[in-house]
Amino acid sequence: MAKYFGTNGIRGKFDMLTPQFALQCAQAIGIYFQRGKVLVARDHRLTGPVLHKAVLAGLQSVGCEVVDLGMATAPTAEFMIGKTKCNGLIIITASHNPPEWNALKVVDGKGVAISKERGEEIEKLMDGKIELAPWDKVKEVEEYEDAVGEHLKAILKEVDADKLKKRKLRVVLDCANGTPALIGPRLFKELGCEVILLNDKIDGHFPGRPSEPREENVQQMLKTVKEKKADLGIAWDGDGDRVIMADENGAFIVGDRVYALSVLLKLKEKKGKVVTTVATSKAVEDVAGKFAQEVIYTKVGAPYLSEEAAKGKCAIAGEEVGGVIWPEVSLAKDGFLTAAKIAEALCEKSLSNWLKEFPFYYNVKGRVKGDPKKIMDKMEKLPLPKDAEKVIKIDGIRINFKDSWVIVRPSGTEPLVRVFAESTDKEKAEKLVKEYEGKLSGN
Ligand code: MG
């Protein structure tokens, strides 16, 4: 079991992820990347600058050549791995977590994020003796100036900018007071859009709204879209890999509908495998089915998506919270490319009209408290309902029915099991959650 690595890197508050600990982690990560060339970036959190210095020092002390991007979004940093031909990347970012959190997210030279399982190898190195580089082999840090420019160029290649310039979309951009402000506004201005900015002042206190772009956190964006009669509203999380939207009526578009639409747009251009986690909406399968393309399910967590996408023949990969990987550009979830691709589609018809192309699923969440292992054993023994079409046991147990599905998964952090159901019929989703909560509760 990994001691420090979670679903996506080493995450903690400042009393856990201290500068000393970050330095020690960076030394082990530097050794894991064969003391080669390592890229470093950070988000805008208040503990970022001090942890950033510790990470640079850790990497340099074991002889790594370091390329430093300074402050950058996660998608920009991950895109730059290929450009700079680095062996790996450390991004200091806690993504959608509250301001007091921070994390070291680690990505390998192919652009695949390091999972909990691979993180164990780094932890073993941390437990052993760290051998420092000889004194005369400690290298300088190279600063890379125009990563945003490079990333923008790559995004603009993927969309028809001329078509968008003619359309002159009015878009509301909510930058979460985070690093999306470094690239989001510039991108949409280059696409000829009329841009209305919210929370575009970078501030590690997150004064405008919490980092996670949940519906209750982006009310200002939804309201502004309505008031300003905008064509599209966009809200990123604090490091820009996740994106959610508002249609032209100011209605909230949840992450997995953003993903399902991305799949539709991608498969119209190019066929291939569709990768997603077991917790993602059936809308993704419905869309892939229209194009007769296979859906590959992975465990929940971005590293598993990028691992699967790296195997090749993948058209697109994405998760339920609005993170979409476009493999032609990088194996990172890229909230800017996702936003640009959907904006491009609006040249044809409105967002609400696009969303009519696949079913709307209601989702309902529940939980059963108790020992997750015991509850999962019980779930395993339950007879399969007669109308079940498919059972997926990659991460928890998911049962697909014709127009609905239910998943039972142990929580990674609490003594409970989560029950999640989705259906085109709201009552059916509620019934499924109640049914499984009932079957799994008690002894
Ligand atoms: Mg994020």
Side-chain angles (χ1 to χ4, degrees), residues 5-12 17 40-45 47-48 51 69 71-81 89-107 111-116 147-148 151 155 173-184 187 199 202-204 206 208-215 217-218 221 234-245 254-256 258-259 262 276-277 279-280 300-306 309 317-326 329-339 412:
F5 267 82
T7 319
N8 201 355
I10 300 171
R11 200 165 294 250
L17 188 55
V40 176
R42 69 171 177 92
D43 72 10
H44 66 300
R45 285 168 190 265
T47 56
L51 294 174
L69 300 180
M71 201 194 282
T73 67
T76 300
E78 292 182 64
F79 166 73
M80 288 304 294
I81 300 173
L89 158 72
I90 302 178
I91 320 176
I92 302 138
T93 175
S95 185
H96 55 280
N97 289 142
E100 63 274 26
W101 287 79
N102 219 326
L104 306 183
K105 183 173 158 184
V106 190
V107 185
V112 178
I114 303 288
S115 64
K116 221 191 268 186
V148 170
H151 187 202
I155 294 174
L173 304 180
D174 180 343
C175 300
N177 296 110
T179 51
L182 297 173
I183 179 169
L187 169 63
N199 304 318
I202 293 181
D203 183 337
F206 292 87
R209 65 161 169 93
S211 180
E212 189 168 14
R214 299 160 73 97
E215 185 169 2
N217 295 343
V218 298
M221 184 275 278
I234 291 167
W236 291 282
D237 73 335
D239 64 349
D241 52 2
R242 280 167 55 171
V243 62
I244 60 86
M245 294 185 180
V254 70
D256 43 21
V258 170
Y259 180 46
S262 303
T276 197
T277 77
T280 305
V300 177
Y304 305 116
L305 289 176
S306 59
E319 59 183 359
E320 65 285 2
V321 288
V324 184
I325 294 171
W326 305 81
V329 172
S330 81
L331 294 177
K333 296 181 290 174
D334 190 331
F336 306 101
L337 180 50
T338 307

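Keep in mind it's a predicted model, so treat the numbers as computed, not measured. When a ligand or atom number is given, it counts from 1 through the structure's own listing order.
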Item to check | F79 side chain near D334 side chain, heavy-atom distance below 4.5 Å | outcome: no

Next on the checklist: The criterion is salt bridge (Lys or Arg N to Asp or Glu O under 4.0 Å); which residues satisfy it with R45, sequence neighbours excluded?
Outcome noted: D43

Next on the checklist: With 2.8 Å as the threshold, which protein atoms of type N, O or S lie near the Mg ion (ligand 1)? Leave waters out.
Outcome noted: S95 OG, D237 OD2, D239 OD1, D241 OD1

Checklist entry - If only atom types and distance count, is the side chain of T179 paired as donor or acceptor with the main-chain N or O of G238 below 3.5 Å? => result yes

Item to check | Spatial distance of atom CG (L187) from atom CZ (F336) [nearest 0.5 Å] | outcome: 8.5 Å

Checklist entry - Under a 4.0 Å N-O cut-off, is there an ion pair linking E78 with K333? => result no

Checklist entry - About how many Å separate NZ of K116 and OH of Y304, when rounded to the nearest 0.5 Å? => result 5.5 Å

